[in-house]
Amino acid sequence: MKSPIAVVVLAAGAGTRMKSALPKVLHSVAGRPMLAHVLAAVARLKPAKIVGVISPGAEAVAKAFAPHPTAVQKKAQGTGDAVKAVLPELRGHSGPVLVVYGDSPLITAASLQRLVEACRKGKASVGVLGFTARDPSPYGRLVVKDGTLERIVESKDANAEEKAIAFSNSGVTCIAGTEIAAFLGALRNDNVKSEFYLTDVVGIARAAGHHAIAVAGEEAEFMGVNSRAELAMAERAMQQRLRSEAMAAGVTMLDPDTVWLSADTRLGSDVTIGPNVRFGPGVTVASNVCINAFCDIEGARIASGAIIGPFARLRPGSDVAEDVHIGNFVELKATRMRRGAKANHLAYLGDSDIGAASNIGAGTIFVNYDGYGKHRTVIGDDVFVGSNSALVAPVKVGKGANVTAGSVITDDVPPGALAFGRARQETKKGRAGPLRAKLQARAAAAKARKGK
Amino acid sequence: MKSPIAVVVLAAGAGTRMKSALPKVLHSVAGRPMLAHVLAAVARLKPAKIVGVISPGAEAVAKAFAPHPTAVQKKAQGTGDAVKAVLPELRGHSGPVLVVYGDSPLITAASLQRLVEACRKGKASVGVLGFTARDPSPYGRLVVKDGTLERIVESKDANAEEKAIAFSNSGVTCIAGTEIAAFLGALRNDNVKSEFYLTDVVGIARAAGHHAIAVAGEEAEFMGVNSRAELAMAERAMQQRLRSEAMAAGVTMLDPDTVWLSADTRLGSDVTIGPNVRFGPGVTVASNVCINAFCDIEGARIASGAIIGPFARLRPGSDVAEDVHIGNFVELKATRMRRGAKANHLAYLGDSDIGAASNIGAGTIFVNYDGYGKHRTVIGDDVFVGSNSALVAPVKVGKGANVTAGSVITDDVPPGALAFGRARQETKKGRAGPLRAKLQARAAAAKARKGK
Amino acid sequence: MKSPIAVVVLAAGAGTRMKSALPKVLHSVAGRPMLAHVLAAVARLKPAKIVGVISPGAEAVAKAFAPHPTAVQKKAQGTGDAVKAVLPELRGHSGPVLVVYGDSPLITAASLQRLVEACRKGKASVGVLGFTARDPSPYGRLVVKDGTLERIVESKDANAEEKAIAFSNSGVTCIAGTEIAAFLGALRNDNVKSEFYLTDVVGIARAAGHHAIAVAGEEAEFMGVNSRAELAMAERAMQQRLRSEAMAAGVTMLDPDTVWLSADTRLGSDVTIGPNVRFGPGVTVASNVCINAFCDIEGARIASGAIIGPFARLRPGSDVAEDVHIGNFVELKATRMRRGAKANHLAYLGDSDIGAASNIGAGTIFVNYDGYGKHRTVIGDDVFVGSNSALVAPVKVGKGANVTAGSVITDDVPPGALAFGRARQETKKGRAGPLRAKLQARAAAAKARKGK
C-alpha cells in the first residue's frame, strides 16, 4: 500500500505589489480564488492531509483553507522557514510531503502526481518539478546527471555551463516525510537576505546520502502571481486552457479570445458562442445551444435548442428549458422558463416561473421587489403577456390567458382570461400644435433665464 | 481562345475532430459557410463547370453546392480517389481541371488564377500551388529544378537536403483535362493507409514525359480546418484580412481585433467603429457614420451622418437614413427610419416606418406581435412619441402629431393631433408610511415562515 | 539659469493614406487627438514657446494648436523646409529648439527632457533621439563614435557595417537656437525627391565644427501614424501603456486587452474591471469600485463602493456616490445618484438628482425631453419608485415617498406621499379564447392576401 501524501500550501506571501487590501492568494482567476485552484488541483491527489501556511492575522486566508488547518509563519524568513512552520502539523506523517504555492493557480494535478510517483519509484527523498524555461535567466537551474538532481544553482551563482541549462526550478518540491524535519533543521540563513530557502534541501539531502530527482512539467503551470499584470497573465493562460478544452469537445467560438469561462463552466457539443460572452461561475449549457454576442451568464442552466442573446443577461437561478429564446436587453434572475417560452426584447424577469410556450412581450417588467421583500410571478403555459406590461408580484397568470399590452397587473389572472390594466386612448384633434407652441415658449424662456 | 476551366471541390472529409452534427464544410467563417467562401473564390475564375465531391448521404453539402452537381466518394480512400469520383462529370472536358478544398476558406482567386495561367503558359499538364511554410515539417515539399516541379516528397520520406526545403505543397492542383483520367488511373494505393493520393499525379505525369510546375501562394490562404480550434484560427485570419481592407479604404477601428465583419460587409470612408462591434451578413454603411462600442448589426443599411450605439442592435430589414441617431439598448427590426429621426434610449422598434425628424422617446415599444401575426406601425414625419409609450400595431400616427409619455396607443392618431392613453395621477398624502409598514410586516412574516 | 526651450511641432503632413476628410494629426488616440498628446508631452518641458507647422488652409489644425502660433509650410518640400517655415517665429530665441512630430502621439516628455539635458551638458549644437530598432531596415542609422553622433546614414546608402547598426533615427531633433537659422540655410535639396531633409543638419553642424550627439529612447514612443492601420497600432500601444500604469497602481482587469482607457482616466486602487469596458474622456473612479463587463462610461465620477454594470452606460455628467448600484441596461446622463441609491435594471435616468438610499425600479424612464427643452427630475432621499414608471419632468418626488409601479407621474409628489398614475385592472373571464380566435383569423386572412 502506498504511504499517504501530505500537501503544504504556501500562502504567506505579502503580495505588496498587488497594491490591494485583499490577500494575494484570494484574488480570482477564472471566477475562483487562486488558492481554490491550487486546493482543487492537490485534492485530486487525495492527500491524507493539506496544511496551509499563512501570515500572521490572515484570517481570510485561513478561512479559505478551511476545513484544512493552517500554520502561521511569524516572520517572512523564506520558503524553508515557511515549511518549518507546519512541522508540528506533519508530526507522525511518514509519506511524501508536497510543497506547492498558493499564488500559482495553473498547477496541474497531473504534474504533481508525476512528481510523487517518480519520488516513490526512484526512492528519492527529495524531488523537484522543473520546466524548460523560454527565458531561464530569472530561475534557479536544475543540474541533473544520470537521473540524479545533483544541485540547484541560483541564476546569479551559475557559471557559463550552468547558465546554458534551460531546465529550471519551479519551487514545487516533494520531500520524504521521514526526513523533512531533519532536512529543514539543517537549513541555514547565511545569505544576503538572511532567509531560509527550501531550495537548499536538495544539497542537504544529497550531502546526507539521499537520492534527489527532478521531474518536468510545463512552464505555463508554474506561473506565479505577484502583481495585477501577472494576475491578468495567469487569467489569460487559464482562459486559453479552458477555451481549448471546450473547443476540443465540440464548441464553436467565433473569437475564442473574447469568451471568458469560469473554471466550472460546462458546455455541450455543437454549442455556438459569439464574440464577447462572459460565463460567471455555475453555468451548464446543453448541446445545440446558440449563445449570441454580448451575453453575461452566471449561475444558469441552459437546455438544448435554446437561443440566447445578443445582449442577454442571465443571473443566478436562471433555468432555461429546451428551445427557449431570450433576446436583447433581457435580464433573468431566479427565473425558470419552460420549454419553448420566449422573451425576445427588453425585459426584466425576476423571481418567476414562466410556463411552456408562453410569450413575454417587449418591455415587460416583473415587479418582484416592493422595497422590503421579493415576490414571485407565476405564469402558466401558453400565456401571452403583451408588451410594456408590469406584473406586480406576488401574482399568477393562468394557462392560456392574455395580458394586453401596456397593462399593470396586480391581481391574479385566471386561466383563459383576458386582463386589461391600462387607460383608454383619447385623441384630441389639432391639439399637438398648441401644445408644441407652449413647450417651445417654455424652452425659450428657460434659455433666456440662463442667458441672464 | 482559352480552353474553359473545370473546378473540383473536395468536400467529402469526415471532420470527426469537429465533434459536430453539422458537416465540416458547412461550418461558418465570417458569417458564411466555409464551402461558400471556396465557391465564391473559384467563381471568380468563371469556370465552365464546378463539381463537388461529397461523402455518402451528405445531402446538406450537396444542397450547398447546388446548382453545381456533386459526385459521391463511396469510401474515404484518399484525395486521388475523391477526384476519380467526378471523372464521369468531367467527360469531354479538355481544359484545365483545378482541384481545391472545401475546408480551406481563405483560398484566393488570385492564386488559383496564377496557377491556371502558369500551367497554360508553361504547357504543364500538372501544376501545384505551394507556399513557403513558416514550419514546413508537417508538409510535403515541392522539389523544383529549373522551373520544373520534379516531385513532391512527403515529410517523413524526405532526406536532409529535402527537409531543408521550405516550399511546401498546398494540395491545390491543376491537371490538364485531356490527361486527368489517365493520371488518376495510374494512381496506386500501396501505402500504409491503402489510400490513393492526388499528390502522386506529379510523379505519374513526369514519368509519362509531361511537364509539371509549382506556383507560389501565401501560407495563410491554404489554412485547412479540421477542428474547432482551427476553425477559430481561420476565422481570425479571415477577419484580419477583412479588417485590413476596411482600414486601407479609410475606416477607423479603435481596436480592430474587436470588430467582427462578414464577408459581405460594406463600409464607406471615414466610418468610425468603436470597440466590440459585430457585423452579421448583409450590412452596408455609408461614409461619415459613427458606430459606437457594443453594437450588433445584421441585414442593415446605414446612411451617411448616422450615429449608432453604443449598445444598439440592428436586425435584418433595418434601413437607417441620413443623420439618424440610434442610442443605447435600442433594437430595430424590419424598420425604416427616415432622415434625422431619433430613438436614443431603450426601445423596441419592429415592423415599422418612422418619418423624418421624428423623435421616439425612451422606453417606447412598438407592439408588433399579437401571438399570431406581425403588424406594422407607421409614424409620419415630425412626430413626437413620448417616453414609455406602447403603440399597438397595426397603427398609424400622422405627421406632426404628439403621443404623450406613458400612453398605450391602439387607434390611429391623425396628423397634428395629441393622443393620450394613460391614467391621471392620484396623490395620497402621508400614505407611503402606512404602505411601507404593511409591506415590511409582510416581508417579516415571510421571513419568519421560511425560518420555521 | 537655463536658457528657455522652443518646440517646433511638425503637423503639415498630407496624410493621404488615411483616406480621410479629417487632417491626420486630429485623428484620436485614447480619446484625444494625436496632436493633443504631443502638445501635452512637450508642455511638461515648460517651453518658452511652442510653434506648429501646418499645411496651407489647415485651419482645424491651427485651431488645435491655439493658443500656440502656427506657420504655414507652403509646399511639401521635406522636414527641413517645414522647420524653415517657423524661423520667423523663432527670431531672438537662443535656447534649444526641439523638433517633434504631430503624428507621433506616444512620444514621452522624459525622452525629450533627456535629449535637451544631454545637449546642454555636452554643449552639442545638434542632438537626435535614437532607438534600438527591432527591424532597423526602414530607418536612417545613427553612427556614433566616442559619444559623438558622426552622421546619419539613410538605409539605402548604408554600407554593410552601417547596416549592422540597430541604433536608428527617430527624427526628433534638438538644435541650438543660436545656430538653427544657419544650419537650415545650408540645407540642400539635390536629392531624388528634391526635398530638404532635417536629418542633414547633423552633417552641416559637424562640418562647421559643432558637436552633435544622440540620446536613446524606446522604439514604441516614436511610432508615427500614416494610415488607419498604424492609427490602430498607436492606439493599441497607448492602451497598453495606460493599462500597465493602472494595473501597477492596484487595478484588476480581468482581460486588460478589452479595457479601453482614455488618456485622462483616473482609477483608484482595488478597482475591479470586467472584460469589455470602455472609458471615454473625463472619468474618475475611486477605490473599491467594481465595474462589471460590458460598460461604457464617459464624463463620470464614481465613488467608493459603487457597483456598475454589466451593460451599464454612464454618460457625461454622471455623478455616482458611495455604494450606489447601477445594473444592466441602465443609462445615466447628467444625473447625480447619492449614497446608496440603486437603479438595477433597464432604466433611463437623465437630467436628474436621486436622493440617498432611493430605489429606482426596473423599466423606469425619466421623461426629460419634450421636443424642445430638457427638464429635471428631482428625487428625494429614501424614495421608492415602482417599476415601469415614467416621471415627466420637471417633477419632484419628496423624501420617503412611494410611486407605484406602472405610474405616469406628471405632478410633484410631496414627502411621504403615495402616488398612483395607472389604470385599475379589469379581468374578463374566458375572453382570451375568443380574442385569440379573432387574432388568428386576422393573421390567416393577411397570409391569404399575401399569397394572392
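Order of the sequence lines sets the chain letters (A, B, ...), proteins ahead of strands, with each chain counted from 1.
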What part of [X] is in contact with chain A, defined as an atom under 4.5 angstrom from a non-hydrogen atom: side chain, backbone, both or neither?
X: L435(B); result: neither
X: D382(B); result: both
X: A441(B); result: neither
X: E235(B); result: side chain
X: S389(B); result: backbone

For the candidates [options], which exhibits the highest count of non-hydrogen atom pairs separated by less than 4.5 Å from chain B?
options: M253(A), H345(A), M247(A); result: H345(A)
options: N359(A), V251(A), T272(A); result: V251(A)
options: A405(A), A246(A), P275(A); result: P275(A)
options: G433(A), P256(A), G250(A), P434(A); result: G250(A)
options: G363(A), G386(A), S287(A), A362(A); result: A362(A)

Does anything in residues 367-378 of chain A pair up under side chain to side chain donor-acceptor pair (under 3.5 Å), and if so which pairs, sequence neighbours excluded?
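Qualifying pairs: Y348(A)-N368(A), D351(A)-N368(A), D370(A)-H375(A), D370(A)-R442(B), H375(A)-R442(B).
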Nearest 0.5 Å please: distance from the [atom1] atom of [X] over to the [atom2] atom of [Y].
X: R228(B); Y: I273(A); atom1: CZ; atom2: CD1; result: 10.0 Å
X: L231(B); Y: M34(B); atom1: CG; atom2: CE; result: 5.5 Å
X: L332(A); Y: I302(A); atom1: CG; atom2: CD1; result: 9.5 Å
X: R243(B); Y: M238(B); atom1: CZ; atom2: CE; result: 12.0 Å

Name the option with the most non-hydrogen atom pairs under 4.5 Å to chain A; the candidates are [options].
options: T258(B), D296(B), D257(B); result: D296(B)
options: A347(B), A446(B), A30(B), G406(B); result: A347(B)
options: S407(B), A21(B), S227(B); result: A21(B)

State whether E298(B) and R278(B) are salt-bridged, where the test is any N-O pair (Lys NZ or Arg NE/NH1/NH2 against Asp/Glu carboxylate O) under 4.0 Å.
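Between R278(B) and E298(B) there is a salt bridge, with a charged N closer than 4.0 Å to a carboxylate O.
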Are T364(B) and N388(B) close enough that some pair of their side-chain heavy atoms sits under 4.5 Å apart?
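Result no, sub-4.5 Å side-chain heavy-atom pair not found.
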Any non-hydrogen side-chain atom of F279(A) less than 4.5 Å from a side-chain atom of L314(A)?
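They are not in contact (no side-chain heavy atoms under 4.5 Å apart), so the answer is no.
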Counterpart residues, salt bridge (charged side-chain N to carboxylate O under 4.0 Å, His left out), relative to R315(B) (two or more places apart):
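Salt bridge (charged side-chain N to carboxylate O under 4.0 Å, His left out) check on R315(B) returns E331(B).
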Taking everything shown except R241(B) itself, do over 12 heavy atoms lie less than 6.0 Å from its CZ?
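Correct, the count exceeds 12.
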Donor-acceptor pairs are to be reported for all side-chain atoms of residues 391-403 of chain B against protein atoms at under 3.5 Å, with residues two or more places apart or in another chain.
{"residue": "N402(B)", "atom": "OD1", "partner": "R436(A)", "partner atom": "NE", "Å": "2.7"}
{"residue": "N402(B)", "atom": "OD1", "partner": "R436(A)", "partner atom": "NH2", "Å": "2.8"}

For R17(B) and N226(B), run side chain to side chain donor-acceptor pair (under 3.5 Å): C-alpha distance rounded to whole Å, both residues' side-chain angles, the deciding distance at 0.1 Å, then the answer.
CA-CA 6 Å; R17(B) 281 170 55 207; N226(B) 292 298; 5.4 Å; no
Please work out which of the three classes, parallel, tilted or perpendicular, describes the rings of F311(B) and F294(B), given edges at 30° and 60°.
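Parallel: the ring planes of F294(B) and F311(B) meet at under 30°.
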Measuring heavy-atom distances to chain B, does N288(A) have an atom under 4.5 Å in its side chain, in its backbone, in both, or in neither?
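Contact with chain B involves no heavy atom of N288(A) at all.
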Heavy atom to heavy atom, less than 4.5 Å: which residues from residues 409-427 of chain A reach chain B?
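R422(A), A423(A), R424(A), Q425(A), E426(A), T427(A) fall under the 4.5 Å cut-off.
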